[in-house]
Amino acid sequence: MKKKIVILWHNGGRLANQLWLYVSVCAYALEQKYGLENHSFFEYSDYFGIPQDSWVIKLLFFRPFSALRRLFPKKQGQVRKYFFKYYKVYVKCVEFFHKKDIVFAPDGEISVPHYLKPSPNPDPAVSAFEKSDSPKLYLDGWLFRNPAGIEKYRKDIITFFQPKGIFLSKIQERLGSLRGKYKHVVGVHVRQGDYKYLWGGRRYFNEREISEILHRYLDVHDIKKDDVVFVFASDGKINLVEFSDLNAELSGFTDPVEDLFFLASTDVIIGSDSTFGAFASYYGDIPFIVFQKDGVDWGYYKNKTGFFPSKYSQTVCY
């Protein structure tokens, strides 16, 4: 019987948090030639063509969440909150009845990644499953990582996680209109919301601070401002007045999935230290320049042309 890996739970985070976990486990499944299911991905399943093999999970979680999201479009936060409580009942049941078949990788005050093959120093509990007769292993927690695997299986992962055509066409249309007018398209990701108070506000940047960073980007790379457009994606409102002397536009999307894959299609991403910008960088294989309060270390990014695990991108836990 073919062994199977099941992602049972993440960390309650949103899109990019879930995707970092998902791609890492996907690479492991490809390496070991195991089956793979993600029972916790119901929140974003409508955006991708990823199959859900378990009809029970599909019936209990994927279809109901999709229906509720459509029925209550203005109450997405409440739908998410209460549906997660419902899903966590299932998680607790699995944890109770399948104790021997679960490996935990929770995040806490100290975030310690649990690595998966082919990355070095793989989690010993996962490695033990490979030698056992058990047909299924549940992964519970966010910090399963596979830096070597996501590079080895990049092509397969990019294809597997490609958004559905309806979303992809909107992104390509928006990008095409920009590339028809500018030589360079720079994605700017600005995390707001909880970043205003988390970590003492050290990862939050206002428009004035961001404007200074973008001007410095032009200077460092000797790019004429007329040749580049800065396109903003954010979870809050961006006041473009502060960028009036630059070519600055909003992405035009209201959906985080569209924003994420739009950013991945730009030439470079400059933005908040978040899993969102980092994942877009990985998917698009483009550099991710991280905002820094004490000034961006421009020399660090010199000659970087693709994705790399940046030392300044600290929220991902590569």
Side-chain angles (χ1 to χ4, degrees), residues 1-13 17-45 48-65 84-108 110-161 316-318:
M1 180 182 291
K2 185 177 181 179
K3 285 178 175 284
K4 180 176 289 186
I5 302 296
V6 176
I7 298 175
L8 180 63
W9 180 238
H10 36 83
N11 66 342
N17 280 16
Q18 294 187 36
L19 285 173
W20 275 115
L21 168 65
Y22 206 166
V23 298
S24 297
V25 180
C26 180
Y28 173 68
L30 289 168
E31 177 74 8
Q32 298 299 119
K33 296 180 174 56
Y34 291 163
L36 172 63
E37 289 185 13
N38 188 345
H39 293 180
S40 67
F41 201 62
F42 49 82
E43 188 175 0
Y44 299 105
S45 63
F48 302 90
I50 301 172
Q52 174 50 253
D53 294 336
S54 171
W55 65 268
V56 175
I57 297 301
K58 186 185 297 184
L59 189 63
L60 288 176
F61 305 114
F62 282 67
R63 289 182 179 175
F65 187 88
F84 270 20
K85 289 183 177 181
Y86 162 60
Y87 179 76
K88 287 289 281 185
V89 173
Y90 164 69
V91 172
K92 293 298 182 183
C93 288
V94 174
E95 290 174 350
F96 181 79
F97 289 106
H98 297 275
K99 292 180 181 179
K100 296 181 180 179
D101 302 316
I102 299 178
V103 177
F104 294 90
D107 56 332
I110 300 176
S111 297
V112 180
H114 293 234
Y115 292 108
L116 303 171
K117 293 179 180 177
S119 294
N121 304 312
D123 184 290
V126 177
S127 297
F129 165 74
E130 299 164 11
K131 302 173 184 178
S132 72
D133 295 328
S134 179
K136 184 181 292 186
L137 182 69
Y138 294 92
L139 301 183
D140 190 329
W142 182 61
L143 282 169
F144 293 100
R145 291 292 182 271
N146 199 343
I150 65 173
E151 284 305 305
K152 180 178 180 179
Y153 296 102
R154 169 180 285 279
K155 290 184 178 179
D156 299 282
I157 289 171
I158 297 307
T159 300
F160 190 73
F161 290 93
V316 177
C317 302
Y318 292 107

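Quantities reported herein were computed from a predicted structural model and do not represent experimental measurements.
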On a heavy-atom basis, the closest approach of Pro120 and Tyr115 is O-CB, 3.7 Å
In the structure I gave you, are the side-chain heavy atoms of Leu137 and Tyr34 within less than 4.5 Å of one another anywhere?
no
Partners passing salt bridge (Lys or Arg N to Asp or Glu O under 4.0 Å) against Lys88 (at least two apart in sequence or in another chain)
none
Positive for ring-ring contact (aromatic ring centres under 6.0 Å, His included) with Trp9, one of Tyr138, Trp142, Phe84, Phe104:
Phe84
So, the side chain of Lys100 versus the backbone of Ser134: is there a donor-acceptor pair under 3.5 Å, distance only?
no
Would you indicate whether the side-chain heavy atoms of Val126 and His114 approach each other to under 4.5 Å?
no
Does any part of the side chain of Asp101, heavy atoms only, come nearer than 4.5 Å to the side chain of Lys136, both counted from C-beta?
no
Taking all non-hydrogen atoms of both residues, which atom of Gly35 and which atom of Lys2 are closest, and how far apart?
N-CE, 3.5 Å
Considering residues, nucleotides and ligands other than Asn121, do more than 12 of their heavy atoms fall under 6.0 Å from its CG?
no
Does some side-chain heavy atom of Val103 sit less than 4.5 Å from a side-chain heavy atom of Phe144?
yes
Could you walk me through whether Tyr87 and Phe65 pass the ring-ring contact (aromatic ring centres under 6.0 Å, His included) check?
CA-CA 10 Å; Tyr87 179 76; Phe65 187 88; over 10 Å; no
Any side-chain heavy-atom pair from Leu60 and Tyr86 closer than 4.5 angstrom?
yes
Any donor-acceptor pair under 3.5 Å linking the side chain of Arg145 with the backbone of Val316?
yes
What is the ring orientation for Tyr318 with Trp20, classed by angle as parallel under 30°, tilted 30 to 60°, or perpendicular over 60°?
perpendicular
Give me the atom names and distance for the closest heavy-atom approach of Val112 to Leu143.
N-CD1, 3.7 Å
Not counting sequence neighbours, which residues clear side-chain hydrogen bond (donor to acceptor under 3.5 Å, both in side chains) with Lys117? List them please.
Glu130
Would you tabulate the side-chain donor-acceptor contacts of residues 150-158 under 3.5 Å, counting partners in other chains and residues two or more places apart, or write 'none'?
unit_1, atom_1, unit_2, atom_2, d
Glu151, OE2, Arg154, NH2, 3.0
Lys152, NZ, Glu31, OE1, 2.9
Tyr153, OH, Glu31, OE1, 2.5
Arg154, NH1, Tyr282, O, 2.6
Arg154, NH2, Tyr282, O, 3.3

Could you walk me through whether Ile5 and Phe129 pass the side-chain contact (heavy atoms from CB on, under 4.5 Å) check?
CA-CA 10 Å; Ile5 302 296; Phe129 165 74; 3.8 Å; yes
Taking Lys58 for the side chain and Arg63 for the main chain, is one N or O donor matched with an acceptor at less than 3.5 Å?
no
Can you find a pair of side-chain heavy atoms, one from Pro122 and one from Tyr28, that are under 4.5 Å apart?
no
Below 30° counts as parallel, above 60° as perpendicular, anything between as tilted: where do the rings of Tyr90 and Phe61 land?
tilted
Determine whether Ile102 and Glu95 make a side-chain contact, defined as any pair of heavy atoms from C-beta on separated by less than 4.5 Å.
yes
Is there a side-chain contact between Pro106 and Asp140, using heavy atoms and a 4.5 Å cut-off?
no
Minimum heavy-atom separation for Gln52 to Asn38, with atom names?
NE2-O, 3.5 Å
Go through it in stages, so that I can follow the logic: the residues are Phe48 and Phe41, the test is ring-ring contact (aromatic ring centres under 6.0 Å, His included), and I'd like the CA-CA distance, side-chain angles, deciding distance and then a yes or no.
CA-CA 10 Å; Phe48 302 90; Phe41 201 62; 5.8 Å; yes
